[in-house]
Amino acid sequence: MIDVTDLLDPLNDAQRQAVTAPSQAMLVLAGAGSGKTRVLVHRIVWQIQVQGVSPHGILAVTFTNKAAREMRGRIEELLQRPTHNLWIGTFHGLAHRLLRRHARQAKLPETFQVMDSADQLRVIKRILQALNLDEAKWPPKQVQWFINAQKDEGVRARHMPETGDLYMRQMIAIYRAYEELCDRSGLVDFAELLLRAHELLRDNPDVLSFYQERFQQVHVDEFQDTNTIQYAWLRLLTQDKNNLFVVGDDDQSIYGWRGARIENIYSFQKHFPGHEVIKLEQNYRSTGNILKAANQVIAHNEGRLGKELWTEAGEGEPISLYAAFNEQDEAFFVIERIRAWIKEGGARADTAILYRSNAQSRQFEERLVQAGIPYRVYGGLRFFERAEIKNALAYLRLIANRDDDVSFERVVNTPTRGIGAKTVDDLRVIARDRGTSLWRAARIMLEHGMLSARAGNALAGFMQLVDRMAAETEGMELFEQVKRTVEKSGLIEFYQNSKGEQGEEKVENLEELVNAARLFDPAIDNEDNLGPLELFLAHAALEAGEMQGEDFDDCVQLMTLHSAKGLEFKVVFMVGMEEGLFPSLQSVEDPKRLEEERRLCYVGMTRAMQTLYMTYAESRRLYGRENYPRPSRFLREIPAEYLQEVRLRAQVSRPAAATPLKTAASASLSVSQYKLGQRVSHAKFGEGVILQLEGQGAQERAQINFKAAGVKWLMLAYAGLAALP
DNA sequence: GCGTCAAGGATTTTT
DNA sequence: TCCTTGACGC
């Protein structure tokens, strides 16, 4: 008899019910911090150990590589053995694997390469140029968004009606040209991976039935984030087998803007009539007050599946609310609190500052630097996104596939070798006329002597270089291959000669790339007969790598609310709780988007384990303009009993340097009768002295030091002040 | 080809 | 306000 103690003991009733349920379609509604990964992991191990399902017959899909890694790690830990043939991966990673295995049936060249979004944008810009379209009128970003949105819905250019308005017809034409170029170059963007993989299964019954039979159990994490094509793909795989096990939380759906369909979680119930729903509502992360407050906020959304988090932990502290004068004061307050936390022995890494938009990080960074507190900002450039790394990869990609136009354009003149825009333009024309790649076009032009001697020589030199590198490095070990390429391409030399520290850092990064190649273990997911180089390139495209700073150091965490999803911290600061910032101005008009903002708020609040601070500023400089936002509506949605206002103002004497408002300009703009230093009296607060004036007209405000009530900011229009002599 | 200047744009992010 | 991007000139 198998001992299932380890498997079931750590679970609560609902979790256990989900883990041990018979094979059937199942929707696990897992609230924040309710142990959803644990349920997935234990469910999979249960199937292997108790139900006798072979790991080979199990598929688990996640959104991020990190989640996939974590899940595999935990499964192996529980199983006490490696899980080689169990498929765990991201939607994109798995789609890529399918396409590699069935390239021909997917109508792709065996050597196809994956483009990241920056590559995609370059291609789009090229298309716009080729079509003679003005980028101002057809913003490349918007085109990119349009194309991806179509692909996310499974729509190709040829599916789109020719009838629409001019704008639509033009967009479709661009889309079509884009598809043609990608096909010619063997390039596949992220959305295309999913769409192709779906078409592959849909149009090839033999392939489909092979995988339908193989995968006895399909598991999906973060199901609320799936888009149309991802869900369609899942349904193809599991069609009549009722073997789809999804875990998700409709209240944590925050990626609607990039195609995620929260509706999938509702449709699931229609598409799989025999399904079971299990709710995980016991939260193991936060204290009672935080959870109750979060429950109240999210309750303002409509059409939820309905869940209420609860905890066995005590009430804990109320949420602290701080009204800052301005963004500087907000940062000051947050950093003071972090200081106090550290002073009491708390770890810096247990504190997180969460904001709605990246632009907000600056003031906190400045203060942290000032205070000498180490910190880490999430969301910078990733390793594989760095220019020098992409250049090196471009050479490698050309070695793997000469028709890769994006890579060709990227490095044809990097390092500079005298191939100018003119030559590349000529190449593009030929390539387009003949419907072929730049590489082939270059061949043709060289053979027909269509180039000037100088350009011709330079171009021939480049092509020989690539051919030579390919020949020389064939059969080499991967890292040796990468090393040679980096050197022979001239990139190392190029960056060494470029000036200063920047170049040095780039050389170091290139060395790091060689190192990454050395550490890269293709065996991990080489169930296919792919070469190590191809696998490495795919890895580079599908996993942009960690950000710069690793989290080895104990440092304060700064990130957007979006990137905080899935994480937890003892002390959380949600900053910038203001109308127009959070909820974002762009979202307030549309109820759907507003609800997504509210879910984001819910996600943010439920990150906090012990202490949650929420702050807003009464005045905020944004894009060079002073704003006087109102506190976020989400704050009003929290019942007062869970809130505690922090009153610091009278105690905080702000350093003069942090007071940008006392400028001559702002003082002179005060047309009113009030002056700095003027004594005034107020009906409620009594007598005081004006410390600062800012704004004008109806917006004019004064900071007043009241003898009895302390320092306050008041709108002059409403304050009803009387001037004293 | 590189450096300088001006204009425009500025949620949220993974793959 | 500030940063990125593109155009233009050496």
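In the text below, chain A, chain B and the rest are named by the order of the sequence lines, each starting its count at 1. What's counted below: heavy atoms across the whole structure, side chains too, no hydrogens, waters or symmetry copies. Nothing here was measured: the structure is a model prediction, and the numbers come from that model.
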Within 6.0 angstrom of A:Glu493 CD, more than 12 heavy atoms from elsewhere: no
Minimum side-chain heavy-atom gap A:Ser587-A:Glu596 below 4.5 Å: no
Salt-bridge contact A:Arg69-A:Glu543 (side-chain N to carboxylate O under 4.0 Å): yes
Please pick, from [options], the nucleotide with the shortest atom-to-atom distance to any side-chain atom of [X].
| X | options | value |
| --- | --- | --- |
| A:Ser357 | C:dC3, B:dT12, B:dC2 | B:dT12 |
| A:Asn413 | B:dT15, B:dT13, B:dG1 | B:dG1 |
| A:Lys125 | B:dA10, B:dT15, C:dG6 | C:dG6 |
| A:Arg362 | B:dT12, C:dC2, B:dT15 | C:dC2 |
| A:Thr560 | B:dT12, B:dA10, B:dT15 | B:dT12 |
| A:Thr416 | C:dT1, B:dG1, B:dT13 | B:dG1 |

Please classify the nucleic acid contact of [X] as base, sugar-phosphate, or nothing, using heavy-atom distances under 4.0 Å.
| X | answer |
| --- | --- |
| A:Tyr623 | base |
| A:Asp189 | nothing |
| A:Ser563 | sugar-phosphate |
| A:Asp116 | nothing |
| A:Glu597 | base |

Rounded distance in Å between the P positions of C:dT4 and B:dT13: 16 Å
